[in-house]
Structure formats: C-alpha cells, structure tokens
**Q** 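Okay, here's the structure, questions in a sec.
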Amino acid sequence: MKIKSAETYLLNIPVSEIKDSQYTVDSINLLVLKLTTDNGIEGYGFNWNTSYGMDIPQLMFDKYLKNVLVNEDPFMRLKIHNKLSSVNNFGWDPRLGSGVEIYIFSMVDMALWDIFCKYSDLPLYKVLGSKTDKVEAYNTHGGWLSWSVHKLTENAIELKKQGYKSIKIKVGSENNDDDYYRIKSVREAIGNDIRIMIDANTKWDLETAIKMSKRLSEFDIYWLEEPLNPLDIRSHSILREKTDIPIALGESLTNKYQFRDYIINKAVDIIQVDSTKVKGITEWLNIANLADDFGINVYPHTNIQQPLHTQLVASIKNGMMVEHVPWLLDVWKYPVEPENGFFYLNKIRGAGTEVRDDAIEKYINSKQ
Ligand SMILES: [Mg+2]
C-alpha cells in the first residue's frame, strides 16, 4: 500500500468563551490532515491551537513536507518519521523536540495509525490490545476562572448529579484569597465524596505555590496541576517535597526527554502527556510506558481530543481518567461524551481522529 495524496484543511470552530489564569478562549483553530492511500483508505490526523495560529504548520507542511509522504508505505511509520526529520529547510530540527514541527509530526503520526486501524477494520484501542472499553471521565467544564463562585458551585452540584466523581477547578486568580474561597465553596457544596483537582496553568512562582498548596490541602485536593513554569524542574522538585498534594503536569512538555527528566528528578506525581503536544500516538505510548516503569499514572491533557485519548488510556496499564470539555462534538466522526461519569468506546472505528465532511464544509476558513 502507498500514500497517494496528503491534503490539509484549516478550520475555525467557535466554542463557549472560557478563561483560565493564562488565556481567554473563544474558538479552536483545527488543522486537519487527510492521507489517502492507493486502495482508497483515508487516514486522518489533526492538531490545534486556541483561537489562531495553525496556518503556520499548514504552510510548512503543504509547501515543504507533503511531498515527502507521497508514495511511502503508511505502515512504515519510523521510516516516514526519519524522512520528515531529514527535511531541514529553515534550520528547524524535529530532533530538538519542540516548535511548529512537532504539530506536524503529531498529525502525520495520527493519520498513519488511523490508516493502520482502518486497514485492520478495528478501533485503535483494539489494535493496541486494550484492558477495557470504558474509561472514567473527569470534568473541567465547570471550573473556569471567569465564572462567579455561585456559577462554580451550582455547576459542581450539577456535575455530581450527572455522575462525575472528579472535577477540575482553575486557580491562579489575581488574589490568592479568591482561589481559597472558590475551592472552599465548591468543597462545601459537593461534599467529600467527589475528587477535586486544581489547575494553576503555570501561573504561580515557587513561594506562592508552596503557600497555596499548604492552604488548599485542607480541601483534600486530588492533584495540583501546572503550578509553575514547566521548564523549571528544580522548583517542582522543591514544591513536591513541601506539599502532600500530588503534582500533575505534561500539557506543556513536548518530548520524552523532558518527561524523563521530571521523573528522575522526582518532580512529578501524575503525567498528563498530550498526543498533540508530543510527536503523536507513537511518542505518547513511549512516554506512558516510561511513566509506568516508575510507577506513575497517566491522565492525559485533553481539551478536544477525547475520541483519541480515551482509546489510548484504555490501552495502557497505567492509564486512569480522561478530561472532558464539551467542545467539537459536532466535528468528530466518532465523538465520545460521558454517560454517568464514563466514556464508552465501542462505537469508535480507527484512531478516533476522523473529522466529519460536513464539519469541514461548515468551519473551513470561517475566521482565519
Ligand atoms: Mg491544565
């Protein structure tokens, strides 16, 4: 089998406006890759950013990398990775494991896995030899920093009614007392039988993180996510010594060496590797298995990629929960949405990366 063509589509999809300590988001900029083989199989990959920016990897791919894929055997993923790595027009180097090229590697790797799954006529989680077809969900769409305390608590109560056992609340307010009051209010509203995770989106410095983790620990916090600058492994290690709350991170890391260094420096408790931030499914599996070697569990960062990440979590020994945000449900061909706090995977075919034709038509070039 050979790859016959590679096409990209740039979509802009409006979402309900939300805010954390770093960003305001009102749309998802989604770059879709479709590889078509000479026997008619279509493999989909994607990558994304909030609001804008994916025209840059699209330009790089269409102009300089697309032709590398044509006539290659899609089952020889490593050969294709090596060929892409050897293209070096601007001094960018995928071996450095960061930058725009990672977006491209990720979507190509996904599309190659999608072809393999479709050729096998199986969902990815069965190709990978899954442990389950049911994955626990946790809900992030309830903890945005822009929401009032009243809205936050009312929503947390509603999520509990819907069957969620875990919810995530954003922290990193301008005033630390506000964070304390928000978490206290939610804990009092929902009781002690629901897990609460908190996410600072890298906002705090070490002193603030130590102080706030001590103050908030009375609310039985399941994890503290991205408290500090993600490049500062040493400070995470110091923080971890000074708090009982497990430290979670990974959405800002882009290669396996960064994860390795966090792990061997005892600076992290929970790995949140995201297949769209590292080199796709292949690298995601490598990092998840590395974490397992050190007894660390994986809860992948997941804003939009639930159809893929639920399958990946189901397929690794140390995969735990997948994050739910109700975005792009009308974009994926095989969307997944939690029922009573769980994702069910049995209707998915392929890698879960395929986009609906009518979604491409609806959202293409809607705002670039
Ligand atoms: Mg986060």
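Order of listing sets the numbers, starting from 1, for every ligand and every atom in it. Numbers for residues simply follow the sequence, beginning at 1.
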**Q** In terms of relative ring orientation, are W327 and W144 parallel, tilted or perpendicular, with 30° and 60° separating the classes?
**A**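 Answer is parallel, since the angle falls under 30°.
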**Q** Can you label the angle between the H236 ring and the Y262 ring as parallel, tilted or perpendicular, going by 30° and 60°?
**A**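 Answer is perpendicular, since the angle exceeds 60°.
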**Q** Looking only at N, O or S atoms, find the one in D199 nearest to the Mg ion (ligand 1) and name it.
**A**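 For D199, the N, O or S atom at the smallest distance from the Mg ion (ligand 1) is OD2.
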**Q** Is E225 close enough that one of its N/O/S atoms sits under 2.8 Å from the Mg ion (ligand 1)?
**A**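 So E225 does bind the Mg ion (ligand 1) by this criterion.
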**Q** So, does Q22 use its side chain to make a donor-acceptor pair with the main chain of N201 at under 3.5 Å?
**A**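 Side chain of Q22 to backbone of N201: a pair is present.
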**Q** Taking the side chain from N139 and the backbone from I167, do they hold a donor-acceptor pair closer than 3.5 Å?
**A**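 Absent.
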**Q** If I consider every N, O or S atom in E251, which one ends up closest to the Mg ion (ligand 1)? I only need its name.
**A**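 Closest to the Mg ion (ligand 1) among those atoms: OE1.
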